[in-house]
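Counting begins at 1 with the first residue of the sequence.
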Amino acid sequence: MTRYAKPTTVDEALALLGEDAWRILAGGTDFYPAQGTKPFRDNVLDINGLTALRGIAETDDHFVIGARTTWTDLIRHPLPPAFDALKQAAREVGSPQIQNVASVAGNLCNASPAADGVPGLLVLDAEVELRSATVTRYLPLPDFVLGNRRTALQAGEMVSAIRVPKPSTTGTSAFVKLGARRYLVISIAMVAARLVVENGTVTEAAIAVGSCSAVARRLAGVEAALLGLPVDHRLGDAVQSAPITELSPIADVRGSAEYRLDAVREIVARAVLTAAGLTNDNMVAA
């Protein structure tokens, strides 16, 4: 017989996870479509009652996004401009009804290559807080999302928060998503860019691309090419000529691998120019 539990405290949830195998239900916006009409075979741990895990807190060193924080919560919370890419991505996660329920942590745990929230968190150097009944551990985001629908979650663990270090919240950022239409679309490719500019020169660059490999990737070659450049439209030229070796897109119904590789340079350039304040293009490029 399968079990259903809806704990009201984190300690209760962790105790349950320590005694049996559970499938965690958070917002449910991916949970129920994936289940379809199939009968439930797994125990279901509903964490929607864990109010302690909802909200964004600020410590001396981090911004801490609780695991039950919704995309709407994120959009409404006052955050530094470096979070603008993540907020723009939040507005692209389905419809407003989905954003009101779906959680930021759930987007990571679902581990889709097209998860809109991952690039914006990558450019912020986010880490994932994982808790069990006996231990709390922290993983950099690239070490948590391992592949298509695969994460580093271990038995008895749940994601309790996403932590963004304050040194990574400087600068400005932008998000650009390529899709077949303006709204309610799965990404063909998407980009988050964060730039730190001092005295008119780029002193720090973080660029991440999603939907062009099994997991979203930072582009080290593009980041290096942007450093030391003046803030003008030559930033776009630097993107066009920089090496991009981290991506390995597939071909599917939304686009060929070759198209993705060609298109991603263009939307990286758009995101960089927008983050630099030279254009205003942080929207779906239909």
Engineer: For Thr279 and Thr274, what are the C-alpha separation, side-chain angles and deciding distance, and is it a side chain to side chain donor-acceptor pair (under 3.5 Å)?
Structural biologist: CA-CA 5 Å; Thr279 64; Thr274 302; 3.0 Å; yes
Engineer: When you look at Phe83 and His77, which way does the side-chain contact (heavy atoms from CB on, under 4.5 Å) test go after all the steps?
Structural biologist: CA-CA 10 Å; Phe83 283 87; His77 195 86; over 6 Å; no
Engineer: If two hydrophobic side chains count as joined below 4.5 Å and joins carry through other members, does Phe63 share a cluster with Leu122?
Structural biologist: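 Yes; Leu122 is reachable from Phe63 via cluster members.
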Engineer: Using the ring of each side chain (for Trp, its six-membered ring), is Phe40 parallel, tilted or perpendicular to Phe31, with breaks at 30° and 60°?
Structural biologist: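 Parallel, since the angle between the ring planes stays under 30°.
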Engineer: Could you walk me through whether Leu227 and Thr203 pass the side-chain contact (heavy atoms from CB on, under 4.5 Å) check?
Structural biologist: CA-CA 6 Å; Leu227 293 180; Thr203 59; 5.9 Å; no
Engineer: Side-chain heavy atoms nearer than 4.5 Å, only ILVMFWY residues, links allowed to pass through others: does that put Val196 and Val123 together?
Structural biologist: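 They do not share one cluster, since no chain of ILVMFWY contacts under 4.5 Å joins Val196 to Val123.
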Engineer: Show the numbers, then the answer: is there a side-chain contact (heavy atoms from CB on, under 4.5 Å) between Thr151 and Asn110?
Structural biologist: CA-CA 8 Å; Thr151 72; Asn110 195 44; over 6 Å; no
Engineer: If you group Ile, Leu, Val, Met, Phe, Trp and Tyr by side-chain heavy-atom gaps below 4.5 Å, do Val118 and Met190 land in one group?
Structural biologist: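 No, Val118 does not connect to Met190 through the hydrophobic network.
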Engineer: Got a second to check how far Trp71's CH2 is from Asp73's CG, nearest 0.5 Å?
Structural biologist: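 Between atom CH2 of Trp71 and atom CG of Asp73 there are 11.0 Å.
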Engineer: Below 4.0 angstrom, N of the basic side chain to O of the carboxylate: do Glu58 and Lys166 qualify?
Structural biologist: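 The answer is yes: the pair qualifies as a salt bridge.
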Engineer: What closest approach, in Å, do Ala269 and Val239 show between heavy atoms, and which atom pair accounts for it?
Structural biologist: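 Closest pair (atom of Ala269, atom of Val239, distance): N-CG1, 3.8 Å.
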Engineer: Which heavy atom in Ser173 sits nearest to a heavy atom in Ala85, and how many Å separate them?
Structural biologist: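 Heavy-atom minimum between the residues: OG-N, 2.8 Å.
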Engineer: Any non-hydrogen side-chain atom of Leu121 less than 4.5 Å from a side-chain atom of Leu108?
Structural biologist: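 Heavy-atom side-chain distance check passes, below 4.5 Å.
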Engineer: What's the verdict on side chain to side chain donor-acceptor pair (under 3.5 Å) for Asp116 and Ser187, showing C-alpha distance, side-chain angles and the deciding distance?
Structural biologist: CA-CA 8 Å; Asp116 287 324; Ser187 299; 3.0 Å; yes
Engineer: What heavy-atom pair brings Leu184 and Ser95 nearest, and what distance separates the two atoms?
Structural biologist: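 That closest heavy-atom pairing would be CD2-N, 3.4 Å.
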Engineer: Can you sort out the partners of Asp30 under salt bridge (charged side-chain N to carboxylate O under 4.0 Å, His left out), two or more places apart, ordered by chain and number?
Structural biologist: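 So Asp30 forms no salt bridge (charged side-chain N to carboxylate O under 4.0 Å, His left out) with any residue.
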Engineer: Of the non-hydrogen atoms in Ala114 and Ile186, which two are nearest, and what is the gap between them?
Structural biologist: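 Shortest heavy-atom contact: CB-CG2, 3.8 Å.
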Engineer: With rounding to the nearest 0.5 Å, note down the distance linking CZ in Arg54 to OG1 in Thr69.
Structural biologist: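 Answer for the CZ-OG1 pair, Arg54 versus Thr69, is 7.5 Å.
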Engineer: I'd like to check Phe175 versus Asp84 (side-chain heavy atoms, cut-off strictly below 4.5 Å). Are they in contact?
Structural biologist: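 A side-chain contact under 4.5 Å is absent here.
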Engineer: Give the cluster check for Ile207 versus Val215: same hydrophobic cluster or not, with ILVMFWY residues linked at side-chain heavy-atom distances below 4.5 Å.
Structural biologist: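 Unlinked, Ile207 and Val215 end up in two clusters.
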Engineer: Considering the options Glu127, Glu129, Glu157, which one meets the salt bridge (Lys or Arg N to Asp or Glu O under 4.0 Å) requirement together with Arg137?
Structural biologist: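 Result: among Glu127, Glu129, Glu157, Glu157 is the only option passing the salt bridge (Lys or Arg N to Asp or Glu O under 4.0 Å) with Arg137.
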Engineer: Would you mind listing the cluster partners of Met158? Hydrophobic ones only (ILVMFWY), side-chain contacts under 4.5 Å, chaining allowed.
Structural biologist: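 Grouped by the 4.5 Å side-chain rule, Val10, Leu14, Leu16, Leu17, Trp22, Ile24, Leu45, Ile47, Leu50, Leu53 form the rest of the cluster around Met158.
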Engineer: Any idea which heavy atoms bring Ala180 and Val185 closest together, and the distance?
Structural biologist: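 Taking every non-hydrogen atom into account, N-CG2, 3.6 Å.
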Engineer: What verdict does the side-chain contact (heavy atoms from CB on, under 4.5 Å) test give for Glu204 and Arg194, after you've listed the backbone C-alpha separation in whole Å, the side-chain angles of each residue and the deciding distance to 0.1 Å?
Structural biologist: CA-CA 8 Å; Glu204 185 178 341; Arg194 180 176 65 86; 2.8 Å; yes
Engineer: Is any side-chain heavy atom of Tyr259 less than 4.5 Å from a side-chain heavy atom of Pro249?
Structural biologist: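 No, side chains not in contact.
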Engineer: For the pair Arg3 and Glu19, find out whether any cationic side-chain nitrogen is under 4.0 Å from an anionic carboxylate oxygen.
Structural biologist: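 A salt bridge is present here (some side-chain N lies under 4.0 Å from a carboxylate O).
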Engineer: Establish, from distance only, whether the side-chain atoms of Arg41 and Gln35 form a donor-acceptor pair under 3.5 Å.
Structural biologist: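 No - no donor-acceptor pair under 3.5 Å links their side chains.
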Engineer: Is there a path of hydrophobic side-chain contacts, each under 4.5 Å between heavy atoms of I, L, V, M, F, W or Y residues, that connects Val264 with Leu195?
Structural biologist: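 Yes; tracing contacts between hydrophobic side chains, which count when under 4.5 Å, links both residues.
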Engineer: Supply the atom-to-atom distance Leu273 CG to Asp232 CG, rounded to the nearest 0.5 angstrom.
Structural biologist: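 Nearest 0.5 Å value for the CG-CG distance: 9.5 Å.
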Engineer: Quick one about Arg23 and Asn43 (side-chain donor to acceptor, distance below 3.5 Å, no hydrogens or angles considered), yes or no?
Structural biologist: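 Not at all, the side chains of Asn43 and Arg23 share no donor-acceptor pair under 3.5 Å.
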Engineer: Any salt bridge linking Arg218 with Glu223? Criterion: basic side-chain nitrogen under 4.0 Å from a carboxylate oxygen.
Structural biologist: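 Counted as a salt bridge, because a side-chain N and a carboxylate O are separated by less than 4.0 Å.
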Engineer: Does Tyr138 have Arg163 sitting over its ring (NZ/CZ under 6.0 Å from centre, angle to axis within 45°)?
Structural biologist: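 Cation-pi check for Arg163 and Tyr138: passes.
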Engineer: Does a donor on one side chain and an acceptor on the other come within less than 3.5 Å for Gln99 and Thr72?
Structural biologist: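 On atom types as modelled, these side chains do not qualify, holding no pair under 3.5 Å.
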Engineer: With rounding to the nearest 0.5 angstrom, report the CZ to OG distance, Arg68 to Ser103.
Structural biologist: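 Reported to 0.5 Å precision, the distance equals 5.5 Å.
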Engineer: Can you tell me which residue among Leu130, Val128, Leu146, Leu139 is in a side chain to side chain contact (heavy atoms under 4.5 Å, CB included) with Leu153?
Structural biologist: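 Running side chain to side chain contact (heavy atoms under 4.5 Å, CB included) over Leu130, Val128, Leu146, Leu139 with Leu153 returns exactly one hit, Leu130.
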Engineer: Measure the OG1-CG distance between Thr201 and Leu226 for me, rounded to the nearest 0.5 Å.
Structural biologist: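 One gets 12.5 Å once the value is rounded to the nearest 0.5 Å.
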Engineer: Return the minimal non-hydrogen interatomic distance between Arg260 and Cys212, and the atom names on each side.
Structural biologist: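 Heavy atoms only, the tightest pair is CB-SG, 4.1 Å.
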Engineer: Look up atom OG in Ser211 and atom CD1 in Ile250, then write down how far apart they are to the nearest 0.5 Å.
Structural biologist: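 Atom-to-atom, Ser211:OG and Ile250:CD1 are 9.0 Å apart.
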Engineer: Please tell me if the side chains of Leu247 and Arg217 come closer than 4.5 Å, counting only heavy atoms from C-beta onward.
Structural biologist: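 SC-SC contact between Leu247 and Arg217 confirmed.
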Engineer: Any heavy-atom pair between the side chains of Leu74 and Leu79 that's under 4.5 Å?
Structural biologist: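 Side chain of Leu79 against side chain of Leu74, heavy atoms only: contact under 4.5 Å found.
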